Amino acid sequence: MRNSGVPPFEPVAGTEESHPAELVLLAMGFVGPEVPLLEALGVERDGRGNVATTDYASNIPGVFAAGDARRGQSLIVWAIEEGRRCAAAVDGWLCAHAVEPVAARARR
């Protein structure tokens, strides 16, 4: 029986191999955001385990997610676009929640 390719991955009996090596590099790819961090912050996740967001904002004020952490494994071009859109969302949030800058208070 073949592995379905859906996590969690299980070994396929009878397919084991052994090869001598001095160095082994594993290219695992993205398998999801760091659950302990999300749990520690109280960040909600969607049905696939990614950060649940509205306009890149999580349920925790000031905590945002983009790219693979928000939409799951995807192409790098999506990650670039997500990063740009998330940066705009963060900028908007900071502008709405910013206190008066120190430099402005010093001029008074």
Side-chain angles (χ1 to χ4, degrees):
M1 175 177 205
R2 292 187 60 120
N3 186 307
S4 69
V6 178
F9 302 109
E10 298 292 331
V12 177
T15 62
E16 300 86 357
E17 295 181 18
S18 178
H19 301 277
E22 291 183 20
L23 175 66
V24 176
L25 301 175
L26 300 176
M28 303 299 287
F30 183 78
V31 293
E34 294 294 322
V35 174
L37 174 63
L38 299 181
E39 288 177 350
L41 294 173
V43 173
E44 292 177 358
R45 291 179 283 155
D46 65 17
R48 298 184 320 155
N50 300 316
V51 177
T53 63
T54 302
D55 296 327
Y56 300 94
S58 74
N59 63 303
I60 304 299
V63 177
F64 295 80
D68 290 356
R70 188 182 84 86
R71 62 184 294 142
Q73 291 179 335
S74 192
L75 302 172
I76 187 64
V77 294
W78 277 115
I80 293 167
E81 179 67 13
E82 290 261 318
R84 290 175 176 161
R85 290 182 182 207
C86 185
V90 170
D91 181 60
W93 187 87
L94 288 172
C95 288
H97 294 85
V99 292
E100 186 179 23
V102 174
R105 286 196 308 265
R107 287 192 292 261
R108 287 195 243 163

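As the structure is a prediction and not an experimental result, all values here were calculated from the model. Below, each value reflects all heavy atoms present in this structure, side chains not excepted, and no hydrogens, waters or symmetry copies.
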request  = Answer yes or no: is there a donor N or O on one side and an acceptor on the other, between the side chain of D55 and the main chain of A57, under 3.5 Å?
outcome  = no
query = Which heavy atom of V24 sits nearest a heavy atom of A21, and at what distance?
reply = CG2-CB, 3.8 Å
message = For the backbone of Q73 and the side chain of N50, can you confirm whether one donor and one acceptor N or O come within less than 3.5 Å of each other?
response = no
inquiry  = Set out, in order, the CA-CA distance, both residues' side-chain angles and the distance that settles side chain to side chain contact (heavy atoms under 4.5 Å, CB included) for D46 and V51, then state yes or no.
reply    = CA-CA 6 Å; D46 65 17; V51 177; over 6 Å; no
query = Are R84 and I80 close enough that some pair of their side-chain heavy atoms sits under 4.5 Å apart?
reply = yes
remark   = Looking only at heavy atoms, the pair that brings G49 and P33 closest together is O-CG, 3.5 Å
S58 (side chain) donor-acceptor with V63 (main chain) under 3.5 angstrom = yes
message = Hydrophobic clusters here meaning ILVMFWY residues chained together by side-chain heavy-atom distances under 4.5 Å, can you tell me if I60 and L38 are in one?
response = yes
query = C86 and A65: which non-hydrogen atoms are nearest, and at how many Å?
reply = SG-O, 3.9 Å
query = Taking the side chain from E82 and the backbone from G67, do they hold a donor-acceptor pair closer than 3.5 Å?
reply = yes
request  = Provide the closest heavy-atom pair for V35 versus R45 in the form atom of the first, atom of the second, distance.
outcome  = CG2-NH1, 3.5 Å
ask   = Honestly, is R85 close enough over Y56, meaning NZ or CZ under 6.0 Å from the six-membered ring centre and within 45° of the axis?
value = no
request  = State whether the side chain of R71 and the backbone N or O of A79 hold a donor-acceptor pair below 3.5 Å, judged by distance alone.
outcome  = no
inquiry  = Looking at E34, I want to see if its CD is surrounded by more than 12 non-hydrogen atoms of other residues, nucleotides or ligands under 6.0 Å.
reply    = no
key: Residues, nucleotides or ligands: over 12 heavy atoms within 6.0 Å of W78 CH2   = no
